[in-house]
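Data block below; observations after.
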Amino acid sequence: MAVNIILPPSSLSLWNTKKLIYSTQIRFRIMSLASKSQPQSVASSAVYQVPGLDSHEMDSTADKTFERYLSNTAKRNGKGVSIVWFRNDLRVLDNEALFKAWVSSQAVLPVYCIDPRLFQTTYYFGFPKTGALRAQFINECLADLKKNLMNKGLNLLIQHGKPEDILPSLTKAFGAHTVYAHKETCSEELQVERSVARGLRQVVLSTAQGNSSRSSSTHSPKLQLIWGSTLYHLDDIPFSVGSLPDVYTQFRKSVEAKCTIRGCIRLPTSLGPPPSVDDWGIIPSVEQLGLHSEKVVKGMRFLGGETAALSRVTEYFWNKDLLKIYKETRNEMLGPDYSTKFSPWLASGSLSPRFMYEEVKRYEKERQANDSTYWVLFELIWRDYFRFISIKYGNSLFHLGGPRKVEKRWHQDQKMFETWRNGCTGYPLIDANMKELSASGFMSNRGRQIVCSFLVRDMGIDWRMGAEWFETCLLDYDPCSNYGNWTYGAGVGNDPREDRYFSIPKQAKTYDPDGEHVAFWVPELLPLPKEKRNFPGKSYIEQVVPLKFGSSNKHHSQRSKYGGRHSGLGNR
């Protein structure tokens, strides 16, 4: 009988981390809690909570982290009310918009808008823009943000509607002089920013209401957008966005040599008081958002929120001491600890990349510095690069030909696409990864590259169908990293050298040699000998298409010195 198990921290001591060596790669596997009589049954239905700490441990970890980032020197010199418009920055630690709102006012009103457009459909193919698992994750992020703001003397006002309707109304009702928010880079988000700014210009406040030093008796509230989503600040990179290098390595070497990473913003003990609010609103259920609630019953169950994010950093870096082997294990596909798993919290803004940088540097000082500690920063720079590229190339990132306007023949066969989407292609490595995505909202970096290559090169399907399906499903979705990676994988990205084929047989032999990943997600393969799980022949469903290049070595993906295309911790 199959048994579903959640792996809480109290159970971790019962688990053994078994170190196995395949060629030069160190592989770590979580061994089953089940009795010897039914190890396969339990292993094939395990749920791994990420992070693997209980609520008390997570609260304690977050409190200690917040204490390290307190400021005893921050001074408040403003007047009136300011608003913080939370978007994809659902955190307290290192939140410059929150800090500037506090400095410039006597009362801060934090606001989050449940924008109905986020629950409509994708642009080309009509998939849900936000799937149920990500909606649930964001809800958890909001609940945690509300809790952490209340601990700082504030609260979080939840409003349902478009920001351009809500924020002008709030500024008028509270006489707020400024709306502070973090700036985004892609067209839909930029249009919302423009609409909010336009709406604020229509609001007329008396001088007594706001924080204006102008002599006129009336004025309009301002929208102040702040850059805060990247490791390197946009103003600090050594070139204009228009002259951004089209090759990542050139960008990385330049910023590493010429730029300094700014320190995290430190906050005072209290950010209160907020203005008087009769009803702070409630976080809607997934069903109230028009979605069907889904529960993770297999694979990784990520907990949303800044508290969970800070706890995962502590767990991965300090408790389990896994940072020192990250580079060796990052390409695995099964279990919670082969990579950092920070990406869902980075995408929601629950985790600051600058905080990650400071934690890496603290680890290097207190424990050790090696290729693995650097590689986490290397991935963060990739994430920065995709964000900056989205400014340079704009909407071409979403076009069929990509930033380079490449002309290729693609088709949009819906039935063929559904075999890929549903994990029914007849190729266990593809099917396992796609089933993991649907069930958990996550897929390994290696898996993402493999399923992308299969869709666009072996199936010949329009890459935007894959990108939009990922937009629906991924917990760590953000447009810059998602579409940046897909344009690269489809060979239409800004770097013409990033055009490669991933051979499924080679990838399976290299990264899932015993078929553990495919057996976990495609349990009918579990009884087969390990060497047959990825190559089951007639023991599995028929393959929907032949491989373009089969297993010919000359067509295998050639990994560069730096491991080929990376995700920028968009899925690490």
*Under the salt bridge (charged side-chain N to carboxylate O under 4.0 Å, His left out) test, which residues partner Glu471, sequence neighbours left out?*
Lys129
_Parallel, tilted or perpendicular: rings of Trp486 and Phe470 (30°, 60°)_ = perpendicular
*If you look at every heavy atom in Thr230 and Arg354, which pair is closest and at what distance?*
O-CG, 4.0 Å
_Between Tyr123 and Phe398, does the ring-ring contact (aromatic ring centres under 6.0 Å, His included) criterion hold? Intermediate values first, please._
CA-CA 9 Å; Tyr123 188 81; Phe398 308 103; 8.7 Å; no
*Answer yes or no: is there an ion pair linking Glu164 with Arg117, defined by an N-O contact shorter than 4.0 Å?*
yes
*How far apart are the C-alpha atoms of Phe454 and Trp420, what are their side-chain angles, what is the distance that settles it, and do they pass the ring-ring contact (aromatic ring centres under 6.0 Å, His included) test?*
CA-CA 9 Å; Phe454 180 79; Trp420 178 86; 8.5 Å; no
_Min side-chain heavy-atom separation Phe239-Leu244 under 4.5 Å_ = yes
*Leu98 and Leu271: side chain to side chain contact (heavy atoms under 4.5 Å, CB included), yes or no, with the steps?*
CA-CA 9 Å; Leu98 177 60; Leu271 296 169; 3.7 Å; yes
_Between Glu418 and Lys415, does the salt bridge (Lys or Arg N to Asp or Glu O under 4.0 Å) criterion hold? Intermediate values first, please._
CA-CA 5 Å; Glu418 286 175 2; Lys415 290 185 178 180; over 6 Å; no
*Kindly indicate, with the supporting measurements, whether the criterion ring-ring contact (aromatic ring centres under 6.0 Å, His included) is fulfilled by Phe386 and Tyr488.*
CA-CA 11 Å; Phe386 280 136; Tyr488 269 46; 5.6 Å; yes
*How many angstroms lie between atom CG of Asn155 and atom CG of Leu149, to the nearest 0.5 angstrom?*
7.5 Å
*For the residue pair Phe388 and Trp227, does the interplanar ring angle fall in the parallel (under 30°), tilted (30 to 60°) or perpendicular (over 60°) class?*
parallel
*Nearest atoms (heavy-atom pairs only) where Val92 meets Leu145*: CG2-CD1, 4.1 Å
*Is the side chain of Glu140 donor-acceptor paired with the backbone N or O of Gly304 at a distance under 3.5 Å, no angle test?*
yes
*Quick one: does Lys295's side chain get under 4.5 Å of Gln136's, heavy atoms only?*
no
_Close side-chain approach of Met434 and Tyr427, heavy atoms under 4.5 Å_ = no
*Looking at side-chain heavy atoms only, is the closest gap between Lys361 and Glu358 below 4.5 Å?*
no
*How about Arg87 and Glu193: do any of their side-chain heavy atoms sit closer than 4.5 Å?*
yes
*Determine whether Asn445 and Asn331 make a side-chain contact, defined as any pair of heavy atoms from C-beta on separated by less than 4.5 Å.*
yes
_If you compare all heavy atoms of Leu474 against all heavy atoms of Arg134, which two are closest, and at what distance to 0.1 Å?_
O-NH1, 2.8 Å
*Hey, does the Lys NZ or Arg CZ of Arg464 hover above the aromatic six-ring of Tyr124, less than 6.0 Å from the centre and inside 45° of the axis?*
yes
*asked:* Test ring-ring contact (aromatic ring centres under 6.0 Å, His included) on Trp345 and Phe302; report intermediate values, then the result.
replied: CA-CA 9 Å; Trp345 298 292; Phe302 286 83; 5.8 Å; yes
_Stepwise side chain to side chain contact (heavy atoms under 4.5 Å, CB included) test for Ile389 and Cys480_ = CA-CA 8 Å; Ile389 282 291; Cys480 307; over 6 Å; no
*Do Lys435's NZ or CZ and the ring of Phe520 fall within the cation-pi criteria of under 6.0 Å and 45°?*
no
_Side-chain touch Asn485/Cys452, heavy atoms, less than 4.5 angstrom_ = no
*Is Arg448 positioned over the aromatic face of Phe442, cation under 6.0 angstrom from the ring centre and no more than 45 degrees off axis?*
yes
*Return yes if a side-chain donor-acceptor contact under 3.5 Å exists between Ser453 and Gln449, otherwise no.*
no
*Test Glu468 against Thr472 for side-chain hydrogen bond (donor to acceptor under 3.5 Å, both in side chains), laying out the working first.*
CA-CA 6 Å; Glu468 288 193 0; Thr472 296; over 6 Å; no
_Among Glu184, Arg387, His182, exactly one meets side chain to side chain contact (heavy atoms under 4.5 Å, CB included) together with Ser229. Which residue is that?_
Arg387
*Is it true that the side chains of Lys222 and Ser220 contain a donor and an acceptor less than 3.5 Å apart?*
no
*For Asp144, check salt bridge (charged side-chain N to carboxylate O under 4.0 Å, His left out) against everything at least two apart and list the hits.*
Lys147
*Stepwise, does the side chain to side chain contact (heavy atoms under 4.5 Å, CB included) test hold for His517 with Asn433?*
CA-CA 8 Å; His517 182 254; Asn433 277 291; 3.5 Å; yes
*Shortest non-hydrogen separation from Ser390 to Leu397 and the atoms involved*: CB-CD2, 4.1 Å
_For a 4.5 angstrom cut-off between non-hydrogen side-chain atoms, does Asp235 reach Arg262?_
yes
*Please work out whether the ring planes of Phe378 and Trp375 are parallel, tilted or perpendicular, with thresholds of 30° and 60°.*
parallel
*Leu157 and Leu170: side chain to side chain contact (heavy atoms under 4.5 Å, CB included), yes or no, with the steps?*
CA-CA 11 Å; Leu157 178 62; Leu170 290 175; 3.9 Å; yes
*Compare every heavy atom of Tyr180 with every heavy atom of Ser104, then report the nearest pair and how far apart it is.*
OG-OH, 2.8 Å
_Name the residue from Phe342, Phe355, Tyr326 that meets the ring-ring contact (aromatic ring centres under 6.0 Å, His included) definition with Phe317._
Phe342
*For the pair Tyr248 and Trp382, name the ring-plane relationship: parallel under 30°, tilted 30 to 60°, perpendicular over 60°.*
parallel
